[in-house]
Structure formats: C-alpha cells, structure tokens
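As structure tokens, the structure follows; a few thoughts come after it.
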Amino acid sequence: MADECLFCGIISGEVPSVRVAEDADTYAFMDINPGSDGHLLVVPKRHSKDLLEIPADDLSAVAVTAQRIAKAVVSELGADGVNLLNCCGAQAWQTEFHFHLHVIPRYANRAKDGLRLPWTPGVRGDMRAIADLGHRLATALA
C-alpha cells in the first residue's frame with residue numbers, strides 16, 4: 001500500500017467500500033460522492049499516481065473492467081448513457097492520487113443525474129490555434 005493512499009486502503013480492505021467487481025488487476029467500488037445514481041470508480045490494484053504514471057497493462061485492465069461495468073449500468077440500472085472520466089493532476093480536478101476511472105451512468109431523468117458539462121460542445125475554437133497545437137503534438141509524438 002502506498003503511504004496515505006485512500007484507494008490502496010480500499011483495495012487492501014483497511015478502508016471500507018461497496019465493492020462492485022474485482023479481478024487480479026482491478027478493483028471497482030461505488031463513489032461516495034456520486035455525480036449520478038450508480039457512479040463508481042475502477043482502480044488498478046497496483047498503485048500509480050495518475051494517467052502519466054500508470055503502466056500500459058494496468059491502464060488496459062482498468063479500461064476493460066470499466067467497459068464491462070458500463071454495459072452493466074446500462075442493462076441493470078437503465079442508464080441512458082455512460083461517461084468514463086479520468087482526472088490527471090490537481091488542475092484537472094484529480095483529488096485522489098491513485099489512478100482511477102469514473103464510470104458515471106447518465107440519465108435523461110435529471111433526478112438521477114446531477115452532472116453538467118463544464119464547456120459548451122459545438123462552439124468552434126480558433127482553427128489556427130487548434131492546428132498549431134495539433135502540429136506541435138504530432139511532432140512530439142513522431
């Protein structure tokens with residue numbers, strides 16, 4: 001267990017949680033601060049601070065578990081959609097520094113769903129700036 005890591009404590013059983021699924025590499029549990037009915041987290045069992053640190057095999061395992069759970073929230077909870085969300089770094093709203101994916105069921109019924117988008121989709125940005133940033137990233141990845 002990483003020192004002072006809440007999620008490592010949950011995985012080890014030292015901190016109580018409502019477990020939803022577990023396999024050799026991942027642990028999924030209900031979020032105690034849900035954005036919607038059925039909101040839960042999927043974490044790798046091996047500690048990694050964030051998206052930039054997690055090994056590819058652990059990231060893949062978390063993604064596969066999240067997909068499996070997303071299918072269940074649609075079929076079992078009647079969700080109308082699902083968001084997968086990862087926050088990497090404090091400025092990106094990360095508050096627990098153990099990599100995790102939020103599996104957030106989405107509902108047309110707003111009584112079950114308190115989330116709202118933090119930006120307005122469909123509002124086109126500055127295409128020159130978008131192209132410049134895209135080229136910088138493409139060059140860095142080449």
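Sequence positions, counted from 1, serve as the residue numbers for this chain.
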Does [atom1] in [X] sit with more than 12 non-hydrogen atoms of other residues, nucleotides or ligands closer than 6.0 Å?
X: Lys112; atom1: NZ; answer: yes
X: Ile32; atom1: CD1; answer: no
X: Arg110; atom1: CZ; answer: yes
X: Arg136; atom1: CZ; answer: no

Pairwise side-chain contact, His39 with Ile104, heavy-atom cut-off 4.5 Å (strictly under) | yes
Any side-chain heavy atom of Val74 sitting closer than 4.5 Å to one from Val82?
-> yes
Please check if the distance between the ring centroids of Phe7 and Phe29 is under 6.0 Å.
-> yes
Can you see which heavy atom on [X] is nearest to which on [Y], and at what distance?
X: Val103; Y: Ala66; value: CG2-CB, 4.0 Å
X: Pro44; Y: Ile54; value: CG-CD1, 3.9 Å
X: Val42; Y: Ala28; value: CG2-CB, 4.0 Å
X: Pro105; Y: Asp113; value: O-OD2, 4.0 Å
X: Asp50; Y: Leu52; value: OD1-N, 3.0 Å

Are [Y] and [X] co-members of a hydrophobic cluster defined by side-chain heavy atoms under 4.5 Å apart?
X: Val73; Y: Val18; result: yes
X: Val15; Y: Tyr27; result: yes
X: Ile11; Y: Val20; result: no
X: Leu41; Y: Val64; result: no

Pick one: which of Val43, Leu59, Asp58 meets side chain to side chain contact (heavy atoms under 4.5 Å, CB included) with Phe99?
-> Leu59
Rounded to the nearest 0.5 Å, what separation is found between the CG atom of Leu51 and the SG atom of Cys87?
-> 10.5 Å
Measure the spacing between NE2 of His100 and CG of Asp31 and express it to the nearest 0.5 Å.
-> 7.5 Å
For residues 77-99, pull every pair meeting side-chain hydrogen bond (donor to acceptor under 3.5 Å, both in side chains), keeping only residues two or more places apart or in separate chains.
-> His47-His98, Asn83-Arg106
